[in-house]
There are 2 protein chains.
Amino acid sequence: MKPTVHDIAAHAGVSLATVDRVLNGRAGVRPATREKVEAAIEALGFVRDVAAANLAKGRVYSFVFILPANDNSFMQALRAEVQAAAERGRRERMSLVMRDVPAFDIAALVAALDDAGRDRPDGVAFVAIDAPEVRAAADRLVEQGIAVVTLVSDLSGSRRVHFAGIDNIAAGRTAGTLLGRFLGGRPGPVLPLAGSLMVRDHRERLEGFGSVMAERFAARAILPVLEGRDDPVETGRLVQEALLAHPDLAGIYSAGAGNRGLIRALQAGGSGVRPVVIVHELTGATRDALAQDLIDGVLNQDAGHEVRSAIRVLKAETDRSAVVAAQERIRIDIFLKDNLP
Amino acid sequence: MKPTVHDIAAHAGVSLATVDRVLNGRAGVRPATREKVEAAIEALGFVRDVAAANLAKGRVYSFVFILPANDNSFMQALRAEVQAAAERGRRERMSLVMRDVPAFDIAALVAALDDAGRDRPDGVAFVAIDAPEVRAAADRLVEQGIAVVTLVSDLSGSRRVHFAGIDNIAAGRTAGTLLGRFLGGRPGPVLPLAGSLMVRDHRERLEGFGSVMAERFAARAILPVLEGRDDPVETGRLVQEALLAHPDLAGIYSAGAGNRGLIRALQAGGSGVRPVVIVHELTGATRDALAQDLIDGVLNQDAGHEVRSAIRVLKAETDRSAVVAAQERIRIDIFLKDNLP
DNA sequence: GAATTTCTGATTTACGTACCTCAGAACTCG
DNA sequence: CGAGTTCTGAGGTACGTAAATCAGAAATTC
């Protein structure tokens, strides 16, 4: 059977207490004795039973998730996933607390981070706003020995251990390639849409999109970016105007939210051949639009995967154990009509 | 703090033994008493600590993985992932045994399944061959109360609890859409390649591919399927011949393995515009080819995800607990040059 | 109403590790 | 060589749950 600490003690000819000292790096063991114990561990292939260890330690993992109080589909999904993970976590000695902060509010986020640190949790995950004050607040947590993970949106130059989110530049590039290639020789300009250029995700996506268009589809005209504030109504209005102003509009890349408005405008779009459309985030609306051939592709980040990944990383960090790197790389999911889940 | 069985006993005014009987569905509790205990569980929000429970039970999860002794990149990756999972599993009271069987050998697979059952493990995962004998062997395991999961390749009509693999028809359809749209108006026929049409995965992919081409790109000529036996040399030869025979060849869809040969043939392909190429499985070779613009897209199934998913499902099944359905859906990863990991 | 059966409570041990105390052995230093 | 320090062994308790035993209470049967 699987060897236990008792077996190690017997094999090394020392007592349980000494084995324990070696295993947990405590002082009071002569080098020669330490080596004997380590040899026994090696020989028997002992591995510590983490469940028993955590039980003995009385350890309860405590993590805080700080999420913006946005009401778009993606943030709703994210909150639901945190909720579900909290539920499951209870049976595994994990306490997950979710805190809402006003969206795009730097001061509120900083306050929430400092506040979270006061309870001395094992880890904190949060959707970052890329600002120096936030970076400083995150680093204060790290200073206290609290593991910090950014979620969905990263915080450059900070001491967070991990970013559970997609590479938005790569996502923009992917969207550019898909759109450019789907267009083929079809003439006409392309319209980029964003929620706001103040948001780092959207900016990065458009940056990637722009560079691919310049590199590989240089002949294609790119219209100025329109900002729909992630609002369906506003986005719909902007798209409707663009369709009127550019009857030959060949493609649309929507890097932000508010896609319900875009889809409505496309439906109302009328008689001609509709533009090729690539959007972000698989929601009820974008899923239906894809199934009905109203749009051509959806790039998606899996909220569930991001939340579970953040938790795994925080847990590994508190245990000082390793993660499976490949598992924690958040993929850019590409959905066409044919591979909808 | 988190309530324990002791708290339940105190709150319900019964003994620990009675709480235990209720919790574990044992007999010997009057309905009225049972309700009192259940009310206390509800009131205190008690959830069982699985780690402590498994420790007390002395439970060790024992799973057997049966994999074909194929030496292509994908199977090698799969074996490596099982190996890595076995290593990690040791610290979590899990024993993972990996068994090799000759590839495409129904009798050997049946023997391996029966053999695995003899040790009475908690679960078995295997790469299925879709044959009645295999189905019967799998059902025999289920009959013994062993959880059965198919990996990569499914077993229709069997009593396996889960299939950890991708939907190959959807993958083929996705490949078809990508290829058809990337081709745009470019004239010329398309060549489908497979390892063997006897293999269910490849057959399904080509089926999906064919139906999309017929539905959405009906004008495009499809050449007869070539079978390269998943062998780089043979595949290379076939592609080279096809390139000579069809100088206007516009596209290639490779549903099987042996893509190193395909890539070599493309490199040697010479002067003209190369065909649009979509292949399966992200390996060193296909990754490089994508980065160097020798091919246009790679559809991939993540071996690591499949193995971890199979383990999670087997574990949940032995615990009779629930899985996170979304987490166990294996995605069809689409890689372009722009979103390579 | 006695005998039997079924239920219930109290108590104990076990799982594998962590961590504590205490006593005694083995060293080190002056 | 004695005093001090550093190591080591022995033994225990604890974590939260499972599961066993045994005795007593309640219900059922004759």
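Letters A, B, ... are given to chains in the order of the sequence lines, protein chains preceding strands, and every chain is numbered from 1.
- Look at D49(A) and R93(B) and you find a salt bridge, because one of the NZ, NE, NH1 or NH2 atoms lies within 4.0 Å of a carboxylate O, short of that distance.
- Between K36(B) atom NZ and dC7(C) atom P there is a gap of 16 Å when expressed in whole angstrom units.
- What separates CZ of R91(B) from P of dG16(C) is a distance of 17 Å, to the nearest Å.
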Worksheet entry | Where protein sits on nucleotides 12-23 of chain D, one letter per nucleotide: B base, S sugar-phosphate only, - none, heavy atoms under 4.0 Å | ---BBBSB----

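- Interatomic distance, L16(A) CG to I8(A) CD1, rounded to the nearest 0.5 Å: 10.5 Å.
- For the pair V5(B)/F46(B), a side-chain contact is recorded, criterion being any heavy-atom separation below 4.5 Å from C-beta on.
- Looking at heavy atoms from C-beta onward, T18(B) lies out of side-chain contact with R34(B) at the 4.5 angstrom threshold.
- Around atom CD of E133(A), more than 12 heavy atoms belonging to other residues, nucleotides or ligands sit under 6.0 Å away.
- Note: CZ (R34(A)) to C1' (dT6(D)) measures 14 Å, nearest angstrom.
- Under the 4.5 Å side-chain criterion, counting only non-hydrogen atoms from C-beta, V82(B) is in contact with L67(B).
- Within the 4.0 Å cut-off from OP1 or OP2 of dG9(D), at least one side-chain nitrogen or oxygen of T18(A) is found.
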